[in-house]
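I have placed the structure first, in the form of structure tokens, so that the comments after it can refer back to it.
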Amino acid sequence: MKNFETMSYDELLKEFKKILKANSLKFTKQREAILSTLYNNPQHFTSENLYLLVKEKYPDLNIGIATVYRTLSLLEENGLVSSISLGTQGKKFEMANKPHHDHLICTMCGKIVEFENEQIEKLQQQIAEENGFVLTDHLMQLYGICSECQKKMAKSG
């Protein structure tokens with residue numbers, strides 16, 4: 001597979017069809033609607049949010065929530081989608097075609113802020129080397145309370 005970050009939607013669609021075939025699954029309008037919606041909306045989705053958006057964008061398409069769950073799982077297993085685990089709140093998914101980034105996650109409202117920081121990247125590399133590791137991948141998630149939730153807490157406190 002070529003570099004996912006530079007893939008056009010048509011190339012992504014071809015890759016998706018190969019994955020479906022390799023898993024003995026049919027290419028359907030429902031599955032394409034899920035992929036297209038993810039590709040064209042850069043935010044992070046719960047399975048339920050994605051299901052509702054697909055239903056809104058494709059009102060004539062008969063799609064079930066189970067199809068969304070199975071398709072997301074297949075996309076994630078094959079590296080086309082990545083997820084962030086929010087504990088009891090479940091997972092949020094995004095297309096994996098973005099440049100590497102890390103996440104700040106609000107533990108109250110679930111807001112996710114993406115960020116890139118070259119100093120953090122260098123420090124992670126240094127720590128890996130100091131411990132005899134060759135870094136192949138990493139995922140950084142920082143948890144806290146966003147400014148909006150802090151304001152709400154201050155008003156109610």
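The side-chain heavy atoms of D102 and Q141, taken from C-beta on, include no pair separated by under 4.5 Å. Side-chain contact between L20 and K26 is absent, with no heavy-atom pair separated by less than 4.5 Å.
Scanning for ring pair (Phe, Tyr, Trp, His ring centres under 6.0 Å) contacts around F16 gives an empty result, with sequence neighbours left out. Under the rule for a side chain to side chain donor-acceptor pair (under 3.5 Å), K21 has no partner lying at least two apart in sequence or in another chain. Looking at residues two or more places apart in sequence or on another chain, you find no side chain to side chain donor-acceptor pair (under 3.5 Å) involving N23. Every ring pair (Phe, Tyr, Trp, His ring centres under 6.0 Å) that H103 has, sequence neighbours left out, goes to H44, H101. E77 is linked by a salt bridge (Lys or Arg N to Asp or Glu O under 4.0 Å) to nothing, counting only residues two or more places apart in sequence or in another chain. Listed by chain and residue number, nothing satisfies the salt bridge (Lys or Arg N to Asp or Glu O under 4.0 Å) test with K55 (two or more places apart in sequence, or in another chain). F27 is linked by a ring pair (Phe, Tyr, Trp, His ring centres under 6.0 Å) to nothing, counting only residues two or more places apart in sequence or in another chain. Under the side chain to side chain donor-acceptor pair (under 3.5 Å) criterion, T46 pairs with N49, sequence neighbours left out.
Within the structure, every pair that satisfies the side-chain hydrogen bond (donor to acceptor under 3.5 Å, both in side chains) test and touches residues 120-136, not counting sequence neighbours, is listed here: H100-E121, E121-H138, Q124-H138, Q125-E129, Q126-E130. Pairs passing the ring-ring contact (aromatic ring centres under 6.0 Å, His included) check and including a residue from residues 45-72, sequence neighbours excluded, do not occur.
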Residues M95, L12; criterion side chain to side chain contact (heavy atoms under 4.5 Å, CB included); working and verdict: CA-CA 11 Å; M95 288 301 298; L12 176 63; 3.5 Å; yes

M153 vs M108, side chain to side chain contact (heavy atoms under 4.5 Å, CB included): CA-CA, chis, key distance, verdict: CA-CA 10 Å; M153 288 170 51; M108 292 188 70; 3.3 Å; yes

Side chain to side chain contact (heavy atoms under 4.5 Å, CB included) between S47 and F93, worked out: CA-CA 8 Å; S47 302; F93 298 88; 3.6 Å; yes

Audit row: Q43, E94, side chain to side chain contact (heavy atoms under 4.5 Å, CB included) steps and yes/no: CA-CA 7 Å; Q43 65 261 41; E94 65 179 331; over 6 Å; no

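Closest approach of C106 to C146, counting heavy atoms only: SG-N, 3.3 Å. Closest non-hydrogen pair, S85 versus Y143, comes out as O-OH, 3.4 Å. Closest non-hydrogen pair, G79 versus A96, comes out as O-CB, 3.4 Å.
The distance from atom CD of E76 to atom OG of S83, rounded to the nearest 0.5 Å, is 3.5 Å. S147 contributes atom OG, which lies 5.5 Å from atom NZ of K111 (distance to the nearest 0.5 angstrom). Between the NZ atom of K57 and the CG atom of L52 there is a distance of 13.5 Å, given to the nearest 0.5 Å. Distance CZ/R70 to CG/L25: 9.0 Å, rounded to 0.5 Å. The CG atom of L38 sits 5.0 Å away from the CG atom of L50 when rounded to the nearest 0.5 Å.
Side-chain polar atoms of E11 and Y9 form no donor-acceptor pair below 3.5 angstrom.
Panel note: side chain T71, backbone V68; no donor-acceptor pair is recorded below 3.5 Å. In this structure, T107 contributes its side chain and I145 its backbone to no donor-acceptor pair below 3.5 Å. Of the possible polar contacts, one joining the Q30 side chain to the N62 backbone as a donor-acceptor pair under 3.5 Å is found. No donor-acceptor pair closer than 3.5 Å links the side chain of T67 to the backbone N or O of I63.
By the neighbour-count criterion of 12 heavy atoms within 6.0 Å, atom CG of N40 is densely surrounded, having more than that number from other residues, nucleotides or ligands.
In the hydrophobic clustering (ILVMFWY side chains linked at under 4.5 Å, chained through shared members), L123 is joined by I127. Under the 4.5 angstrom side-chain criterion for Ile, Leu, Val, Met, Phe, Trp and Tyr, the cluster partners of I120 are L104, V113, F115, M140, L142.
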